[in-house]
Amino acid sequence: MTSNSVEVLLNLVDRATRLHVAEFTDREVRTILDNHRRIRAALDWCNCAFATGDKTTDEELARILSEGEP
């Protein structure tokens, strides 16, 4: 993991600990969770690509990443 990646994760953790979930509407919570799901799918693909060398994007990942785009 690069130092920039670590910095992004530490910043995310710091900001997340300051959030108050009760301040979000149901729609905002769903949006956040949907984005987290997309990020996890992309990270899972990255892990697989690094471990196996297979850099092809499957249709399911492409679909997940394209959700919510204009």
Side-chain angles (χ1 to χ4, degrees):
M1 188 178 289
T2 66
S3 61
N4 190 31
S5 299
V6 171
E7 186 176 322
V8 168
L9 289 174
L10 291 175
N11 192 0
L12 178 61
V13 169
D14 180 57
R15 289 174 188 245
T17 59
R18 296 184 208 180
L19 295 176
H20 299 282
V21 175
E23 296 175 3
F24 293 106
T25 66
D26 288 343
R27 183 177 180 177
E28 290 168 329
V29 170
R30 280 193 312 273
T31 299
I32 291 168
L33 294 177
D34 284 344
N35 285 330
H36 286 181
R37 181 180 56 82
R38 291 170 46 197
I39 291 167
R40 278 194 297 278
L43 290 174
D44 287 346
W45 177 87
C46 289
N47 286 341
C48 184
F50 286 125
T52 66
D54 180 8
K55 296 180 235 167
T56 58
T57 304
D58 66 13
E59 291 178 19
E60 181 65 11
L61 176 62
R63 183 190 64 75
I64 290 170
L65 295 179
S66 69
E67 289 176 356
E69 291 184 358

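- F24 and L33 end up in the same hydrophobic cluster when Ile, Leu, Val, Met, Phe, Trp and Tyr side chains are linked at under 4.5 Å.
- For the pair T56 and W45, the tightest heavy-atom approach, listed with the atom from each and the gap, is O-NE1, 2.9 Å.
- When all heavy atoms of E23 and E28 are compared, the pair lying nearest together is O-OE1, 4.2 Å.
- Contact of the R18 side chain with the D14 side chain is registered, since non-hydrogen atoms from C-beta on lie closer than 4.5 Å.
- For N35, the side-chain hydrogen bond (donor to acceptor under 3.5 Å, both in side chains) criterion is met by R38, not counting sequence neighbours.
- Here the straight-line distance linking atom CG of N47 with atom OG1 of T52 works out to 10.5 Å at 0.5 Å rounding.
- To the nearest 0.5 Å, atom OG of residue S66 and atom CG of residue L61 are 9.5 Å apart.
- In this structure, CG on L12 lies 9.5 Å from OG1 on T17, to the nearest 0.5 angstrom.
- One finds no salt bridge joining R30 and D26 here, because no Lys/Arg side-chain nitrogen approaches an Asp/Glu carboxylate oxygen to under 4.0 Å.
- R27 pairs by the side-chain hydrogen bond (donor to acceptor under 3.5 Å, both in side chains) definition with nothing, not counting sequence neighbours.
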